[in-house]
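Scroll down for the structure; my scribbles are underneath it.
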Amino acid sequence: MKRSVIFVFLSIISFYLISSEQVFEEALMLDNQGKFLESLQILEDSYQNNQNDIQHAWRIARTTFLISEYIEDKSERFTYYDRGVEVTKELLNTPYADKRDMAELIHWYAINYSSKIKEMGIFAGREGLKIIPKVFELVDQCIATDSEYAGGYFFKGKFYGEIPGFLGGNKVLMEANFVKTLQYISDEEIITMLYEISDSLKKRQWSLDKKRKEFEKSEIGEEKMLSNNQSDWELAEKLLNQLVTIYQKKEAPVFKDTEYYQKAVNLLAEIQKKNQK
């Protein structure tokens, strides 16, 4: 009798793992085709039978954010941000979870949460003094959970670069976190992240002399620089050329890869024109 109970229990667990993996594979296939709404639907349908499952939750939150990037109406974007926050918030302190899944959960919660707050204009005002430290706590929790998860450093670098200095923005720490991003970046993330890092450097527009002075003033060593012999525009050009090479060597680039490749080609043309002057 005891063996029968154990067998049934293991069979149920095995079925759950297989069916969940099938859902995740199908959702990823749809994501790769740019069919984010369809991906979200099958994840949501599966989540009804797997409430509070971390893997389902972070994938739903990632997809809500991907969908939001293609919606012009702000109130509709907020609906997707809110769903991403809702599905992940209650699971942030789940004990004994896989560290990578937990890092993904924290990451996508933070992105949906901060994206909505940013669009509400709160970061720019006094309210940001209360909210921004919370976002930094989240991203630090993400990095502490999995120190080899590139997304945590990437989010932190972008956040340092985008918020005002009086609210904690720091363009030296932006670059230092991008160094860690590239240390742990995966093949699936590399095209998107190389583009976003290049865009951040293009917006910062520091000369090599300016960068050296700022790093020296902050007492952060040159090993925390992406490059100690290139200006921001020169480095951005280098990273974008790297992106183009990676994309062109891909046998089957996914939807987001192609989208960011096209954006990179346009940005590269702009930067090359500037660097040639």
Side-chain angles (χ1 to χ4, degrees), residues 65-66 68-69 107-108 110-112 114-115 117-119 123-124 128 132 135-136 138-140 142-143 149-186 188-215 217-218 220-247 256-257 259-275:
F65 177 73
L66 290 174
S68 73
E69 293 187 297
H107 178 234
W108 293 108
I111 285 183
N112 280 280
S114 62
S115 295
I117 297 301
K118 180 182 177 181
E119 289 206 34
F123 285 165
I132 286 177
V135 177
F136 275 120
L138 282 168
V139 73
D140 285 341
C142 177
I143 291 169
Y149 175 60
Y153 301 106
F154 176 69
F155 180 89
K156 194 170 186 179
K158 290 288 290 183
F159 201 57
Y160 269 128
E162 291 180 1
I163 60 175
F166 77 93
L167 290 175
N170 187 314
K171 289 182 168 55
V172 169
L173 291 177
M174 176 191 84
E175 183 169 349
N177 276 277
F178 287 157
V179 171
K180 298 290 286 186
T181 301
L182 296 182
Q183 182 178 349
Y184 297 115
I185 200 167
S186 70
E188 292 75 20
E189 303 164 315
I190 193 164
I191 287 178
T192 299
M193 290 186 178
L194 281 176
Y195 173 81
E196 292 291 350
I197 291 171
S198 300
D199 188 52
S200 293
L201 292 169
K202 179 247 182 183
K203 290 175 180 175
R204 191 176 69 173
Q205 298 187 39
W206 282 0
S207 66
L208 178 57
D209 184 57
K210 166 81 169 173
K211 181 160 70 169
R212 285 173 172 167
K213 287 179 179 177
E214 291 295 329
F215 268 79
K217 185 166 62 177
S218 67
I220 294 178
E222 288 193 4
E223 70 276 4
K224 298 292 180 68
M225 291 182 181
L226 286 165
S227 171
N228 63 3
N229 61 7
Q230 291 173 304
S231 69
D232 282 350
W233 284 65
E234 290 169 335
L235 178 57
E237 180 178 3
K238 175 185 174 182
L239 294 177
L240 288 168
N241 277 319
Q242 181 182 345
L243 183 163
V244 168
T245 299
I246 292 170
Y247 178 84
K256 293 294 286 184
D257 286 345
E259 180 184 55
Y260 274 90
Y261 166 74
Q262 292 169 345
K263 291 167 71 172
V265 169
N266 293 334
L267 183 58
L268 182 58
E270 178 185 349
I271 288 174
Q272 287 175 333
K273 186 176 180 180
K274 170 74 174 180
N275 287 341

- Does E214 use its side chain to pair, donor to acceptor, with the backbone of K211 at less than 3.5 Å? no
- Item | Backbone of F154 reached by a side-chain donor or acceptor of T181 within 3.5 Å | yes
Can you list the residues that meet the side-chain contact (heavy atoms from CB on, under 4.5 Å) rule with [X], with sequence neighbours excluded?
X	answer
K203	D199
K256	F36, L66, E69, Y70, E259, Y260
K224	A176, F215, I220
T245	K249

- Query: Heavy-atom count around K263 NZ within 6.0 Å, excluding the residue itself: above 12?
  - Reply: yes
- Task: May I ask you to say whether D232 pairs ionically with K210, meaning some side-chain N is under 4.0 Å from a carboxylate O?
- Result: no
- Item | ring-ring contact (aromatic ring centres under 6.0 Å, His included) involving Y149 - partner list, sequence neighbours excluded | H107
Do you know the tightest heavy-atom contact between [X] and [Y]?
X	Y	answer
L235	Q230	CD1-OE1, 3.5 Å
E189	G151	OE2-N, 4.4 Å
I163	F136	CD1-CE1, 3.8 Å
Y195	L243	N-CD1, 3.5 Å
G152	C142	CA-SG, 3.9 Å

Can you list everything that forms a side-chain hydrogen bond (donor to acceptor under 3.5 Å, both in side chains) with [X]? Sequence neighbours excluded, please.
X	result
Y247	T258
N241	none
Q262	none

Quiz: residues 165-174 side-chain donor-acceptor pairs under 3.5 angstrom, not counting sequence neighbours:
unit_1 : atom_1 : unit_2 : atom_2 : d
N170   : OD1    : V172   : N      : 3.0
N170   : OD1    : L173   : N      : 3.0
K171   : NZ     : G161   : O      : 3.4

Which residues satisfy the salt bridge (Lys or Arg N to Asp or Glu O under 4.0 Å) test with [X], sequence neighbours excluded?
X	answer
E270	K202
E237	none
K213	D209

- Side-chain contact, heavy-atom cut-off 4.5 Å: L239 with Q242? yes
